Colleague: 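Structure provided below as structure tokens; questions to follow.
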Amino acid sequence: MAMLQSIVVFTLLLLMLILIIIIIIIIVVFAFKPWRFFSYPSRCRAIKVGELERPLVSNDVDLAQDQSNDLTRNYDLDGECHLNAALLRPPRTQGLVHKQRLSSASRRLALGDSVVGDVSDPLDGILVGQTLKRRVVTEHLVELQTHGRPENQSQNLRFGTENDRPQESVPNTDAISDQRSCLSLQVVSGPSCGLHCSVLSTSTARLPLTLGRVPPSYLLLKDYEVSGKHAMITWNLNKLRWELVDMGSLNGTLLNSCPIHHPDPGSRLWGDPVELASGDTITVGTTSNIYVHISSHNERLVPFGVGMTSDPMSLRRGGKKLPMEDVCYYHWPLPGINQFGVFGICDGHGGVGAAKSASKILPEMVATILTDSVKRERVMSEQDASDVLRDAFSQTEASMNNYYEGCTATLLLVWADADENFFAQCANVGDSACFINMDGKQIKMTEDHKVTSCSERLRIEGIGEPLKDGETRLCGLNLARMLGDKFVKQQDSRFSSEPYISQVVHLKKSSGAFALLASDGLWDVVSFKKAIQLVVQARERHSTETENLAEKIAEVMLNEARTQRTKDNTSIIFIDFDSISTVSSCKVRP
């Protein structure tokens with residue numbers, strides 16, 4: 001009896017073991033599908049002729065909608081779209097039929113089981129067996145058009161042969177030969193503060209202008225809150241205006257504190273284009289603010305060579321980085337006034353705020369005054385712009401609200417008469433100097449307004465509050481004339497913003513005339529005489545070169561300041577009246 005019970009128990013255990021083994025086999029078979037390693041040839045069925053003749057892109061909208069739901073996409077921080085990793089396994093070479101490689105925009109599409117495409121690049125493939133719908137192919141492109149992509153990038157997009165790749169329509173500059181606009185951008189806050197760029201509306205090779213964190217963005221912002229491709233600025237040929245559009249950035253874009261991005265930033269859709277105006281502020285991320293300056297110009301080149309350069313000299317003073325407080329600029333011609341142009345330098349102290357304000361307001365005041373035809377004709381007939389310059393400085397000082405920051409201001413006004421004879425007159429406050437050399441003769445166009453200068457001591461003595469012996473500063477400042485500094489001017493009446501006005505210089509043709517404006521970073525280490533020698537030597541050295549000669553001479557002057565170990569920000573504008581410029585007709589540089 002005991003033996004029988006043992007046999008029954010053993011049998012039951014054996015059956016349970018067999019059952020467990022069967023369950024394990026079933027789990028393994030259905031979980032790992034080992035037959036897929038042996039039945040592959042059956043999946044690579046022969047492709048029928050009808051399938052090859054079926055159009056790769058059809059117009060059946062319903063089928064396209066069903067197929068598009070099978071695609072899983074991921075977006076990285078810069079907005080690049082990638083297929084799900086499960087769809088990116090390398091295609092097998094058996095049973096593949098190769099077709100024309102599609103453009104990069106169509107690489108994002110994949111359907112069905114069998115891959116048809118370039119074996120060497122799985123992203124270039126597209127699947128056979130089902131027909132793609134035109135709506136799927138163009139859906140993303142339509143979004144770009146409806147959410148603000150500029151017209152010159154959204155036209156003529158189609159797929160097929162090499163010649164049918166996406167094209168950019170080229171603006172017809174002949175149609176607007178009498179229109180020209182200069183856009184200047186300057187980063188005024190954030191990690192890339194001080195960065196700047198300028199572009200003309202006719203510079204098709206540089207448009208559209210992109211703002212982003214990674215190349216090839218034209219304005220490259222080193223700010224982790226800015227997307228790789230954040231925003232775009234383009235010139236609208238139909239409306240003749242600059243337009244800003246958000247490119248689906250993560251943190252959005254603000255224009256004058258108003259959002260212009262898509263209402264749903266997470267969708268990565270483009271915003272609608274918005275018109276830009278001079279004086280606008282673009283905010284990308286949370287700290288990067290970009291100041292916009294727009295001026296209108298005709299198609300004439302600057303009628304003389306212009307070179308402009310600057311350097312904070314940050315490696316001086318034992319390697320301590322110096323803040324850049326200089327701003328230099330030029331505008332030729334002034335908006336709506338073809339015969340006049342201005343060239344100027346503002347050297348700030350206590351910060352760069354006053355220099356930025358003055359460099360913006362002062363040229364605008366000159367242009368506003370000269371829009372009065374009576375005043376403009378008086379300048380042309382009398383060949384004297386003293387009243388214009390004096391009024392411009394007075395109105396600029398009244399418009400500035402800088403109480404604890406100030407700046408020097410040196411402005412050279414150049415104009416041409418009906419016979420294309422050029423005249424120049426300069427006004428300044430502070431110690432940024434300018435001189436003109438013509439026929440080998442040096443003409444000083446500015447006056448030094450340091451407290452220690454003889455002219456300032458005489459002016460202050462005439463007020464009735466003469467300086468004491470050995471007194472070289474007023475309220476801690478070594479300048480007695482400047483723009484801004486409203487607080488110290490309220491404390492001490494000896495400060496002034498009244499400019500020195502130079503004589504008018506008739507710039508004779510073929511006289512070898514040139515003008516040199518610079519902040520005190522240059523004049524602290526280089527004399528006028530030495531500067532003239534450097535210009536003459538540079539002209540002789542580059543006598544066979546006509547392109548960008550003025551820019552090269554400006555760089556020679558800046559290098560001399562470095563060699564002499566200047567201890568201040570240095571900005572230089574060199575104007576060669578014997579050559580023709582090929583540079584932009586407006587520029588602002590901190």
Side-chain angles (χ1 to χ4, degrees), residues 75-82 104-105 108 140-141 143-145 147-154 157 166-171 181-236 241-256 259-262 265-276 280-294 324 584 587-590:
Y75 292 86
D76 61 14
L77 291 178
D78 293 335
E80 292 297 332
C81 178
H82 300 285
S104 59
R108 303 173 180 177
H140 182 66
L141 300 173
E143 288 177 358
L144 299 184
Q145 288 179 317
H147 292 291
R149 177 177 283 273
E151 295 176 2
N152 66 340
Q153 282 197 334
S154 60
L157 292 174
Q167 302 289 331
E168 292 186 4
S169 61
V170 179
S181 178
C182 178
L183 172 72
S184 296
L185 302 177
Q186 181 178 344
V187 183
V188 295
S189 67
S192 299
C193 182
L195 190 64
H196 59 90
C197 68
S198 299
V199 64
L200 293 174
S201 58
T202 52
S203 300
T204 55
R206 298 168 65 185
L207 291 174
L209 187 151
T210 54
L211 289 67
R213 194 184 69 254
V214 298
S217 298
Y218 189 79
L219 189 64
L220 196 61
L221 301 169
K222 300 299 183 181
D223 186 346
Y224 71 93
E225 294 181 337
V226 174
S227 297
K229 296 178 181 178
H230 197 103
M232 175 185 292
I233 299 176
T234 188
W235 174 252
N236 189 320
R241 69 184 191 183
W242 294 100
E243 292 181 342
L244 171 70
V245 60
D246 181 86
M247 301 172 68
S249 63
L250 283 176
N251 292 323
T253 304
L254 304 180
L255 182 63
N256 300 325
I260 64 166
H261 48 267
H262 192 271
S267 65
R268 307 306 299 272
L269 298 176
W270 288 36
D272 295 323
V274 179
E275 181 180 4
L276 283 177
D280 284 348
T281 298
I282 304 170
T283 303
V284 291
T286 58
T287 60
S288 293
N289 291 316
I290 304 169
Y291 176 77
V292 179
H293 179 74
I294 299 173
M324 185 58 172
S584 303
K587 199 169 184 179
V588 179
R589 184 169 188 170

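Being a predicted model, the structure only gives us computed values, none of them experimental.
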Colleague: Taking the side chain as every heavy atom from C-beta outward, state whether Leu244 and Asp280 have any pair of such atoms under 4.5 Å apart.
Modeller: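 No, their side chains stay 4.5 Å or more apart.
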Colleague: In Å and rounded to the nearest 0.5 Å, what is the CG to NE2 distance from Leu250 to His230?
Modeller: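 Output value for this atom pair is 9.0 Å.
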Colleague: Just so I know, are the side chains of Leu276 and Ile282 near enough to count as touching, which here means a heavy-atom distance under 4.5 Å?
Modeller: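 Touching, per the 4.5 Å side-chain cut-off.
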Colleague: Looking at every heavy atom in both Ser267 and His262, which two are closest together, and how far apart are they?
Modeller: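 In this case the closest contact between Ser267 and His262 is OG-ND1, 3.5 Å.
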Colleague: Apply the test side-chain contact (heavy atoms from CB on, under 4.5 Å) to residues Asn251 and Thr286: give CA-CA distance (whole Å), side-chain angles for both, the deciding distance (0.1 Å), then the verdict.
Modeller: CA-CA 8 Å; Asn251 292 323; Thr286 58; 6.0 Å; no
Colleague: Return the minimal non-hydrogen interatomic distance between Gly252 and His261, and the atom names on each side.
Modeller: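 In terms of heavy atoms, the two residues are closest at CA-ND1, 3.2 Å.
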Colleague: Any chance you could measure Thr253, atom OG1, to Ile290, atom CD1, to the nearest 0.5 Å?
Modeller: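 Interatomic distance, Thr253 OG1 to Ile290 CD1, rounded to 0.5 Å: 9.0 Å.
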Colleague: To the nearest 0.5 Å, tell me how far Thr287 OG1 sits from Leu221 CG.
Modeller: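 Output value for this atom pair is 9.5 Å.
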Colleague: Rounded at 0.5 Å granularity, tell me how far CZ in Arg213 sits from NZ in Lys229.
Modeller: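 Spacing of CZ (Arg213) from NZ (Lys229) equals 12.0 Å.
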Colleague: Run the side-chain contact (heavy atoms from CB on, under 4.5 Å) check on Val274 and Asp246 step by step: do they pass?
Modeller: CA-CA 9 Å; Val274 179; Asp246 181 86; over 6 Å; no
Colleague: Would a distance-only check, ignoring hydrogens and angles, find a side-chain to backbone donor-acceptor pair under 3.5 Å from Ser227 to Ser249?
Modeller: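 No, the answer is negative, given that no donor and acceptor are paired below the 3.5 Å cut-off.
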Colleague: Of the non-hydrogen atoms in Gly228 and Ser217, which two are nearest, and what is the gap between them?
Modeller: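 Looking at all heavy atoms of both residues, the shortest contact is O-OG, 3.4 Å.
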Colleague: For Glu243, enumerate each residue passing the salt bridge (charged side-chain N to carboxylate O under 4.0 Å, His left out) test, keeping only those at least two apart in sequence or located in another chain.
Modeller: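 Glu243 satisfies salt bridge (charged side-chain N to carboxylate O under 4.0 Å, His left out) with Arg241 only.
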Colleague: Would you check if Trp242 and Leu209 make a side-chain contact, meaning some heavy-atom pair closer than 4.5 Å?
Modeller: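 Trp242 vs Leu209: side chains apart.
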Colleague: First locate atom SG of Cys193, then atom CG of Asp223, and finally report the distance between them rounded to the nearest 0.5 Å.
Modeller: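 Here the interatomic distance stands at 12.0 Å.
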Colleague: Could you grab the distance from atom CG of Leu185 to atom CD1 of Ile294, nearest 0.5 Å is fine?
Modeller: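 It comes to 8.5 Å.
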